[in-house]
S.K.: 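Sharing a structure below in structure tokens format, with a few things to ask.
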There are 2 protein chains.
Amino acid sequence: MNVSRRATLTDVAHEARVSIKTASRVLNGVETVAPHMRARVLAAASLLGYRPHRGAATMRSGTSDMVGMIIRDMSNNFYSSLAAGAADEAQKHGCLVITCSSEGSSEREAQLTEAIFSQRPRGLLITPTSMTAPLICTEVSFGTPVVAIDEPLEGLDVDSVGFDNLLSTREAVTAAVSIGRRDFAILSDSAALRTMAPRVVGAKEALAAKGLRVRPGMTIPDIHTESQARAATARILSLPRPPDAIFCANNVSALGAAAEIHTSGLNVAIVAFDEFPLSHTQNGPVLVIEHDDRAMGAMAAQLLFDRLADPGRATRHIVVETALRIH
Amino acid sequence: MNVSRRATLTDVAHEARVSIKTASRVLNGVETVAPHMRARVLAAASLLGYRPHRGAATMRSGTSDMVGMIIRDMSNNFYSSLAAGAADEAQKHGCLVITCSSEGSSEREAQLTEAIFSQRPRGLLITPTSMTAPLICTEVSFGTPVVAIDEPLEGLDVDSVGFDNLLSTREAVTAAVSIGRRDFAILSDSAALRTMAPRVVGAKEALAAKGLRVRPGMTIPDIHTESQARAATARILSLPRPPDAIFCANNVSALGAAAEIHTSGLNVAIVAFDEFPLSHTQNGPVLVIEHDDRAMGAMAAQLLFDRLADPGRATRHIVVETALRIH
DNA sequence: CTGTTAGCGCTTTCAA
DNA sequence: TTGAAAGCGCTAACAG
């Protein structure tokens with residue numbers, strides 16, 4: 001037994017004194033093999049420390065066991081939970097997920113789609129940007145399934161999972177108004193995120209329904225780090241007449257707002273699109289739009305495998321449930 | 001132009017009226033190609049929407065552009081930050097990272113190593129368990145580099161990155177004692193995590209040095225979710241004589257402890273191994289052992305690529321810096 | 001139930 | 001500088 005080289009299927013077949021095809025069948029779990037040959041192959045594989053070469057199998061069979069995933073920011077809890085859920089579901093189908101973080105850069109997104117498609121994955125899960133469609137349309141035309149997560153994929157009719165951003169926000173802000181909050185500031189992320197506009201609109205609609213409005217300058221865009229959120233909140237709260245509530249359109253802005261509200265000692269309510277750690281330990285009321293991100297990631301993967309099983313079926317757009325939780 | 005099939009290198013060569021090898025050279029950036037041929041190939045590739053098939057290249061050349069990564073829990077911020085850092089560094093080397101979550105199950109860990117090595121990755125980054133070594137030793141003997149992250153990989157001499165758990169904890173607990181805290185509880189994770197013992201020892205050593213000790217029953221093991229931490233903390237704080245400080249040996253336990261301390265209204269200090277959101281908004285003092293997890297992940301990947309460049313070099317064990325921060 | 005043959009798309013080797 | 005041929009490890013298609 002020579003350990004200096006990786007054992008191939010041919011080596012195993014040789015060792016077991018069977019044909020390479022029989023070895024292949026055994027190691028792929030094909031039933032129609034005589035028990036004594038199966039045993040011989042298994043013994044040989046184990047003896048030689050055989051490990052299949054999926055790349056070779058992929059090349060020949062045309063189907064790999066990988067699913068690509070491109071998310072906006074792997075170190076953001078929302079996106080990493082999506083990835084965790086997708087990986088769970090993929091594992092049920094014997095697939096690995098290649099998860100990459102585009103960091104919001106469309107240049108990097110282009111590189112990553114290129115790199116991922118070069119692996120000939122079963123499909124792609126992506127939190128798309130407005131630049132995504134042209135990157136993937138060729139591949140989609142070859143029948144590779146793509147699922148859009150969180151944001152819509154404009155210009156391409158693919159399966160998707162996402163929230164009803166407008167409705168859930170309207171409901172949450174309405175609840176905040178009903179407990180007496182009238183004067184809102186809004187911390188929003190980049191307008192390039194398609195989820196942001198409906199959230200902001202939802203908030204403003206809820207206010208308008210009660211005859212309220214957001215004062216000029218109190219809608220702060222482009223908040224995508226906690227420290228930006230802290231700076232913006234600190235500025236707002238130090239105004240002569242600070243707001244009595246802040247709607248935080250993403251998870252990092254809620255953390256930053258909570259931190260500064262605590263520092264200021266003011267009683268300011270938080271309405272947050274995402275649950276955040278220690279949200280129930282704040283002084284002012286906290287209204288949170290809860291959602292199960294891990295389940296959302298799993299759902300996206302499920303749509304992908306569903307389509308693989310039935311390529312002709314109509315595209316589906318899943319609206320993930322949210323729940324309002326008041327701390 | 002027929003779009004019904006993916007273009008191969010042969011198609012491109014054909015279209016450009018050059019040999020397949022010349023097309024290969026151009027698309028791999030080999031310099032020794034006449035400019036006019038290069039231009040023809042590039043035009044053809046673009047016309048046909050050519051996308052290379054990395055699996056085929058891997059098979060022939062023997063080296064892939066993937067790095068495997070197995071972490072304990074993708075939805076835990078510590079691990080996802082490691083993954084983000086590793087992905088960054090890998091991208092600099094033109095590699096993709098396949099990140100998988102073992103969920104602390106050694107069975108799943110075994111499946112994942114199997115699946116990942118089947119892809120013939122350049123190397124593996126792993127937060128190992130006590131069961132890891134036998135899973136990877138064959139592959140290591142073939143020269144595939146493995147880097148252990150956070151925990152040591154027992155029984156195998158591989159590169160690693162990790163903390164000085166004992167020393168940093170001792171320092172933090174010493175600081176807590178010096179601000180008047182004497183009576184500690186300890187929330188620890190599973191003893192299977194090799195990082196836990198030194199942290200607990202470090203804490204106890206710091207106390208012993210001041211003539212203090214942890215009361216029997218006040219060292220709680222196996223805390224790995226926030227709700228477990230909350231339950232344990234609630235129980236401890238409702239004792240007739242609650243502690244005046246809690247050492248939280250991982251990030252989720254700190255969140256749970258903070259939540260319950262807030263609810264109880266007691267002045268209990270937190271010493272936490274990891275920074276946590278809103279740590280500065282707690283009533284009691286919070287002492288945090290800070291570390292840059294993203295940099296740690298990047299460092300691990302760097303060790304991997306270093307070794308790829310110089311397979312013979314001695315193994316390196318990087319101790320990642322930590323800093324004590326007092327809120 | 002088992003084996004043979006061909007070839008997936010690419011890179012390597014070697015020759016021109 | 002360019003090209004022809006071989007073959008990486010595996011599976012599909014077809015025989016036996």
Side-chain angles (χ1 to χ4, degrees), chain A residues 4-42 44-45 48-66 94 114-115 117-122 139 142, chain B residues 5-42 44-45 48-66 94 114-115 117-121 139 142:
Chain A
S4 66
R5 197 173 56 86
R6 272 191 187 83
T8 71
L9 192 56
T10 311
D11 298 331
V12 174
H14 221 79
E15 176 72 29
R17 295 161 178 282
V18 299
S19 79
I20 177 175
K21 186 57 201 167
T22 298
S24 168
R25 277 191 268 257
V26 170
L27 295 168
N28 285 295
V30 176
E31 296 293 341
T32 61
V33 177
H36 67 283
M37 303 207 96
R38 146 167 279 109
R40 285 224 305 271
V41 170
L42 258 19
L48 298 176
Y50 173 71
R51 185 112 58 180
H53 188 311
R54 288 303 325 239
T58 295
M59 191 162 97
R60 184 65 249 239
S61 70
T63 104
S64 81
D65 66 345
M66 290 186 290
E114 188 67 34
F117 282 134
S118 294
Q119 307 292 343
R120 299 293 187 268
R122 286 264 191 91
E139 201 65 30
F142 289 137
Chain B
R5 196 174 57 86
R6 272 190 186 83
T8 70
L9 192 56
T10 312
D11 298 331
V12 174
H14 220 80
E15 176 74 28
R17 295 161 178 279
V18 299
S19 79
I20 175 175
K21 184 55 203 170
T22 298
S24 167
R25 276 192 269 258
V26 170
L27 295 168
N28 286 296
V30 175
E31 296 294 341
T32 61
V33 177
H36 68 284
M37 303 206 97
R38 143 166 282 108
R40 284 221 309 269
V41 171
L42 257 19
L48 298 175
Y50 172 71
R51 184 116 52 184
H53 187 311
R54 288 303 325 236
T58 294
M59 191 165 95
R60 187 63 252 242
S61 69
T63 105
S64 80
D65 65 345
M66 290 186 291
E114 189 67 32
F117 281 134
S118 294
Q119 307 291 342
R120 300 291 188 268
E139 200 66 30
F142 289 138

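Every chain is numbered from 1, with letters handed out A, B, ... down the list of sequences. Just so you know, these numbers come straight off a predicted model, no measurement behind them. Because only heavy atoms are used, hydrogens play no part in the values below, and waters and symmetry mates are left out as well, while side chains stay in.
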S.K.: CE of Met59(B) versus P of dG7(C): gap in Å, rounded?
M.R.: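 Roughly 15 Å, once rounded to whole Å.
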S.K.: When you measure from the side chain of Ser64(A) to the backbone N and O of Thr58(A), does any donor-acceptor pair fall under 3.5 Å?
M.R.: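 No, because the side chain of Ser64(A) does not come within donor-acceptor range (under 3.5 Å) of the backbone of Thr58(A).
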S.K.: Taking the nucleotide of DNA chain C with the nearest heavy atom to each, does Ser24(B) or Val18(A) sit closer to the 5' end?
M.R.: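 Nearer the 5' end of the strand: Val18(A).
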S.K.: dG9(D) P sits how many Å from His53(B) NE2, rounded?
M.R.: 16 Å
S.K.: Give the rounded distance in Å between these two atoms: CG of Asn28(A) and P of dG9(D).
M.R.: 17 Å
S.K.: For the side chain of Ile20(B), counting heavy atoms from C-beta on, which of dT11(D), dC10(C), dG9(C) is nearest?
M.R.: dC10(C)
S.K.: Closest nucleotide of DNA chain D for Arg51(A) versus for Ser19(B): which of these residues is on the 5' side?
M.R.: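 Nearer the 5' end of the strand: Ser19(B).
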S.K.: How is Arg25(A) classified with respect to the nucleic acid when contacts are heavy atoms under 4.0 Å: base, sugar-phosphate, or nothing?
M.R.: base
S.K.: Shortest non-hydrogen contact from Leu27(B) to Ala45(B)?
M.R.: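 Taking Leu27(B) first and Ala45(B) second, the nearest heavy atoms are CD2-CB, 4.1 Å.
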S.K.: Between dC10(D), dT11(D), dT2(C), which nucleotide has the shortest distance from any of its atoms to the side chain of Tyr50(A)?
M.R.: dC10(D)
S.K.: Rounded to whole angstroms, how far apart are CZ on Arg60(A) and P on dA12(D)?
M.R.: 7 Å
S.K.: I need the single residue from Val41(B), Leu9(B), Asp11(B) that forms a side chain to side chain contact (heavy atoms under 4.5 Å, CB included) with Tyr50(B). Which is it?
M.R.: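 Of the listed residues Val41(B), Leu9(B), Asp11(B), the side chain to side chain contact (heavy atoms under 4.5 Å, CB included) partner of Tyr50(B) is Leu9(B).
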S.K.: dG3(C) phosphate, OP1 or OP2: any side-chain N/O from Thr22(A) under 4.0 angstrom?
M.R.: yes
S.K.: Rounding to an integer number of Å, can you tell me how far His14(A) NE2 sits from dT4(C) P?
M.R.: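 To the nearest whole Å, that distance equals 12 Å.
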S.K.: Please state how far atom CD in Glu31(B) lies from atom C1' in dT2(D), giving the value in whole angstrom units.
M.R.: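 From Glu31(B) CD to dT2(D) C1': 16 Å.
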S.K.: Nearest whole Å is fine: how far is dC10(C) C1' from Asp11(B) CG?
M.R.: 13 Å
S.K.: When you check the gap from the basic side-chain N to the acidic O, do Glu139(B) and Arg120(B) get nearer than 4.0 Å?
M.R.: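 Result for this pair is no, no salt bridge flagged.
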S.K.: What nucleotide among dA13(D), dG9(C), dC1(C) has an atom nearest to a side-chain atom of Lys21(A)?
M.R.: dA13(D)
S.K.: Within this structure, what is the CZ-to-C1' distance between Arg54(A) and dC8(C), rounded to whole angstrom?
M.R.: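 Atom CZ in Arg54(A) sits about 14 Å away from atom C1' in dC8(C).
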